[in-house]
Amino acid sequence: MATLTRQDLNFGQVVADILCEFLEVAIHLILYVRDVYPSGIFQKRKKYNVPVQVMFELNGNLNQYIQDTLHCVKPLIEKNEAEKVVVVIMDKEHHPVERFVFEISQPPLLSISCASFSYVCVGFRCVSSETLLSHVEQLLRAMILKISVCDAVLDNNPPGCTFTVLVHTREAATRNMEKVQVIKDFPWIVADEQEVHMEEAKLIPLKTMTSDILKMQLYVEEKTRKT
């Protein structure tokens, strides 16, 4: 029996598709729950079989920024080179008050294909890819639900907040990022130090998910004094 690696069957692309779709929904929901933008620019949709809030397509600049950012992040996830995706909420003086950190890892796995059925082998256990994806969707649903109620454990943000999205990469990827421009006029730049490190912050774990193709931990770094 031939052994196929993650790259052979392009599992990286599958994981990247799943994760970027989730992150887009999660970012919209964070901006809604944390009152970064008025609730009137959001509309209720259903994703992962639960209601979520997403911005109207009329808010083109905001939506385009989120989509372009994730489009640039996607190749890094495919190559397992992205360690964290961070949504940074900043006050009017551009000082971070919250950092939603999605810590990502992809466990090693093997895969085989039999007739019209696809199986993934993890250790000595084989499960169908359909079962895997269903399990992942359930875990992502639980994470979305946790984001929906995160304001219960976070202090209110000051008015006039904005946001940005950061990606933390592995060292090998960092050297090549400035050379790679996935979208014209949307280059990678080094993040400001204050966006990466926040002083006087408390860490609040929100949710951890573990599956055979993706592991992710979500926590918030919240500034102790926001005003």
Side-chain angles (χ1 to χ4, degrees), residues 12-78 82 84-90 97-104 129-154 156-157 159-167 182-183 186 204-211 213-220 222:
Q13 184 176 350
V14 174
V15 172
D17 287 341
I18 294 171
L19 189 53
C20 286
E21 183 180 40
F22 163 77
L23 287 172
E24 183 171 4
V25 175
I27 292 170
H28 280 256
L29 188 57
I30 289 169
L31 298 179
Y32 172 81
V33 172
R34 300 308 295 145
D35 294 322
V36 178
Y37 296 106
S39 60
I41 72 170
F42 293 84
Q43 58 184 329
K44 186 178 289 187
R45 296 281 182 85
K46 183 169 281 191
K47 186 65 180 175
Y48 309 113
N49 207 30
V50 294
V52 296
Q53 295 285 346
V54 298
M55 282 183 283
F56 283 102
E57 294 181 3
L58 295 176
N59 299 287
N61 290 338
L62 288 173
N63 286 345
Q64 194 63 50
Y65 168 74
I66 295 170
Q67 292 171 6
D68 287 351
T69 300
L70 294 176
H71 190 67
C72 292
V73 169
K74 191 174 180 179
L76 296 171
I77 298 175
E78 287 183 16
K84 300 175 185 177
V85 175
V86 185
V87 181
V88 185
I89 299 176
M90 299 168 290
V97 291
E98 291 175 354
R99 299 176 78 251
F100 283 77
V101 182
F102 296 85
E103 202 167 86
I104 306 162
S129 57
E130 186 175 328
T131 301
L132 267 180
L133 295 178
S134 176
H135 180 230
V136 170
E137 182 172 312
Q138 292 175 14
L139 296 174
L140 294 177
R141 180 188 304 124
M143 192 161 282
I144 287 292
L145 289 172
K146 195 66 176 181
I147 295 173
S148 298
V149 296
C150 69
D151 56 338
V153 294
L154 298 172
N156 292 334
N157 285 324
C161 284
T162 57
F163 81 103
T164 189
V165 180
L166 309 179
V167 57
V182 178
I183 299 176
F186 201 87
I204 303 171
L206 288 186
K207 192 69 177 177
T208 299
M209 62 164 281
T210 302
S211 72
I213 62 172
L214 174 66
K215 294 183 179 181
M216 182 163 51
Q217 182 179 6
L218 171 60
Y219 57 89
V220 180
E222 182 181 31

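- Note: I147 CD1 to I30 CD1 = 4.5 Å, rounded to the nearest 0.5 Å.
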Requested in this report: Could you walk me through whether F102 and L19 pass the side-chain contact (heavy atoms from CB on, under 4.5 Å) test, one step at a time?
Outcome: CA-CA 10 Å; F102 296 85; L19 189 53; over 6 Å; no

Query - V33/C150 under side-chain contact (heavy atoms from CB on, under 4.5 Å): CA gap, chis, key distance, verdict - result: CA-CA 8 Å; V33 172; C150 69; 3.9 Å; yes

Requested in this report: Take V52 and K46, measure what side-chain contact (heavy atoms from CB on, under 4.5 Å) needs, and give me the verdict at the end.
Outcome: CA-CA 6 Å; V52 296; K46 183 169 281 191; over 6 Å; no

Report task. For the pair V85 and V165, evaluate side-chain contact (heavy atoms from CB on, under 4.5 Å) and give the outcome as yes or no after the intermediate values. Result -> CA-CA 7 Å; V85 175; V165 180; 4.0 Å; yes

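- Taking CD1 of I18 as the start and CD1 of I213 as the end, the distance is 4.5 Å to the nearest 0.5 Å.
- Scanning all heavy atoms of the two residues, the minimum distance from F56 to F42 falls at CE1-O, 3.3 Å.
- A 4.5 Å side-chain heavy-atom check between L62 and L31 finds every atom pair outside the cut-off.
- Using cut-offs of 30° and 60° on the angle between ring planes, the pair Y48 and F22 is tilted.
- The minimum heavy-atom distance linking K84 with E103 is given by the pair CE-OE2, 3.3 Å.
- Across every non-hydrogen atom of I77 and C20, the tightest pair is CD1-SG, 3.9 Å.
- The distance from atom CG of L139 to atom NZ of K215, rounded to the nearest 0.5 Å, is 12.0 Å.
- Remark: S148 pairs with L29, I144 by the side-chain contact (heavy atoms from CB on, under 4.5 Å) rule, at least two apart or across chains.
- Within the 4.5 Å cutoff, no side-chain heavy atoms of L145 are placed close to those of V149.
- The aromatic ring centres of F163 and F100 sit 6.0 Å or more apart.
- Contact record, M143 with K207: CE-O, 3.7 Å, taken as the closest heavy-atom pair.
- The environment of CG in D151 is crowded: more than 12 heavy-atom neighbours from other residues, nucleotides or ligands sit within 6.0 Å.
- How far OG1 of T164 is from CZ of R99: 11.0 Å, rounded to the nearest 0.5 Å.
- Expressed to the nearest 0.5 Å, how far NE2 of H135 lies from CG of L140 amounts to 10.0 Å.
- Each salt bridge (charged side-chain N to carboxylate O under 4.0 Å, His left out) pair with one or both residues in residues 22-40, not counting sequence neighbours, appears once here: R34-E98.
- A distance of 4.0 Å separates CD in Q217 from OG1 in T208, rounded to the nearest 0.5 Å.
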